[in-house]
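Positions are given from 1 along the sequence. Below, each value reflects all heavy atoms present in this structure, side chains not excepted, and no hydrogens, waters or symmetry copies.
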Amino acid sequence: MSHHKIQAENLSFSYADKNNAIDNISFLITHGQSVGVIGANGAGKSTLLMLLLGVLMPSTGKAIIGDVKVEKNTLPIIRSHIGMVFQNPEHQLFMPKVYDDIAFGPRNLNLSEDEVEKRVNEALFKVGILHLKDRSSYKLSWGEKRCAAIASVLSMSPDILLMDEPTDALDGKARRRIIELLKTFSHTKIIASHDLDMIFELCERTIVILDGQIKADGNTKDILSNISLLNECGLEIPLSMQNCKNCGLNKNMN
C-alpha cells in the first residue's frame, strides 16, 4: 500500500429509506494530511467514513485506499492499515474486560502475548485510562468508553485513522488529552465532528458536506471563517475564532 492515500471517485450510496445519503463525492487525501469532515446532522459524514472502511459498499463509484479499491475481497488488506473510531463506542467494546477489548485486535494479528500486553498498556496510557484495564467495559462511563474505543484502535498501530466524533461526551480534560494525542499521530487522518474548535486546531484541510454532497473543500481557516457557508450548512463559527483579530471575526457576526 503506497503512501496511505485515500481517494473517492464519484462515490454514491443510498439507504433503503434515504436516497443519495452520499451523492457523487470525489476527493483525494494524500499521505500525512489531517482532514476534517463537517456538516449538520444527517449530512452524510458517518456514512462517508463507513464507505472508506468498507462497512458499507457504494451504490456507484469507488473508494481507494493506497492503491487498493475497497471491496469485499480486499477488506482484510484495507483494515490492516485503517483504524476507525465509531461515533458510538459501544459498537467497539464487547469483551468482558477493558484489557480484552484493547487486546482483541493485536491478538488477531497473532502477536506474542508479551507484545499484545505492551500494545494494550501503551494504548491505555495514551488515552489516560490505564487504571481501568481490569474494569468491565459495560460499567464504564460514556466518556471512559470513548477513550477505551480509541485505545482499541491505537493498539493496532494503524497507518490511517478515521474518527467519528472523537471528543463526543468527553469532559474538558479528556477532550484536551485526545486532541494532544491526535497531534502526535503523523499519518493520514480524517476526523468527522461537530467540534469545530477541535477541527480548527487539528486539521489543515476541511471538507464540508451538505445533503450528501461536498459543498466546500479547502483550507480549514478559510472554511471555518466563511460565515455564509457555515450558515447555509447549519454550522456555527468555532468559539476559538470568534473575536479573533487575525480571522476578522467578532461576536456580533450575522
Is it true that [Y] and [X] share a donor-acceptor pair across their side chains at a distance under 3.5 Å?
X   : Y    : result
H81 : D159 : yes
E9  : S26  : no
S12 : N10  : no

Answer whether the closest heavy-atom distance between the side chains of [X] and [Y] falls below 4.5 Å.
X    : Y    : answer
K69  : T74  : no
R205 : I223 : no
L196 : E236 : no
H131 : L124 : no
M163 : L202 : no
I6   : L28  : no
S193 : M198 : yes
D211 : D23  : no

[X] side, atom [atom1]; [Y] side, atom [atom2] - distance, nearest 0.5 Å:
X    : Y    : atom1 : atom2 : result
K97  : S137 : NZ    : OG    : 11.0 Å
L182 : L154 : CG    : CG    : 8.0 Å
I25  : L11  : CD1   : CG    : 7.0 Å
R176 : T167 : CZ    : OG1   : 10.5 Å
I150 : Q92  : CD1   : CD    : 9.0 Å
I65  : L162 : CD1   : CG    : 7.0 Å

Worked verdict on I38 versus L224 for side-chain contact (heavy atoms from CB on, under 4.5 Å): CA-CA 10 Å; I38 64 174; L224 296 184; 3.8 Å; yes
With a 4.5 Å cut-off on side-chain heavy-atom distances among I, L, V, M, F, W and Y, is there a chain of contacts connecting [X] to [Y]?
X    : Y    : value
I227 : I199 : yes
L170 : F185 : yes
F86  : I22  : yes
M84  : F94  : no
V153 : L109 : yes

Grab the two heavy atoms, one from [X] and one from [Y], that are nearest each other, plus how far apart they are.
X    : Y    : value
A151 : A123 : O-CB, 3.4 Å
S59  : F13  : OG-CA, 3.4 Å
W142 : D168 : NE1-OD2, 3.8 Å
K45  : A192 : CB-CB, 4.1 Å
T220 : C203 : OG1-O, 2.6 Å
F104 : M95  : CD1-SD, 4.3 Å

I'd like to know if the side chain of [X] reaches the main chain of [Y], judged simply by a donor and an acceptor atom lying under 3.5 Å from each other, with no hydrogens or angles considered.
X    : Y    : value
E204 : S34  : yes
S152 : D101 : no
S155 : I102 : yes

Does the pair K183 and E201 meet the rule for a salt bridge (Lys or Arg N to Asp or Glu O under 4.0 Å), with working shown? CA-CA 9 Å; K183 287 180 180 179; E201 187 169 350; 2.8 Å; yes
Let me check something: any side-chain donor-acceptor pairs from residues 46-57 under 3.5 Å, sequence neighbours excluded? List them with distances.
from: S46; atom 1: OG; to: D164; atom 2: OD1; distance (Å): 3.4
from: S46; atom 1: OG; to: D164; atom 2: OD2; distance (Å): 2.5
from: T47; atom 1: OG1; to: Y15; atom 2: OH; distance (Å): 2.7

List the steps, then state whether side-chain contact (heavy atoms from CB on, under 4.5 Å) holds for R177 with K126. CA-CA 8 Å; R177 184 185 300 115; K126 284 180 179 179; over 6 Å; no
Using a side-chain heavy atom cutoff under 4.5 Å and only I, L, V, M, F, W and Y, what cluster partners does L210 have?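 ILVMFWY cluster around L210 holds nothing else.
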Please test R119 against E115 for salt bridge (Lys or Arg N to Asp or Glu O under 4.0 Å), starting from the C-alpha separation and ending with a verdict. CA-CA 6 Å; R119 289 195 180 202; E115 177 63 21; 3.3 Å; yes
Check the pair Q33 / I190 against side-chain contact (heavy atoms from CB on, under 4.5 Å), numbers first and verdict last. CA-CA 8 Å; Q33 279 194 306; I190 301 179; over 6 Å; no
Could you walk me through whether K133 and N121 pass the side-chain contact (heavy atoms from CB on, under 4.5 Å) test, one step at a time? CA-CA 8 Å; K133 67 179 182 179; N121 288 336; 3.5 Å; yes
Would you call the rings of H187 and H31 parallel, tilted or perpendicular, taking 30° and 60° as the class edges?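 The rings of H187 and H31 sit tilted, inter-plane angle from 30° to 60°.
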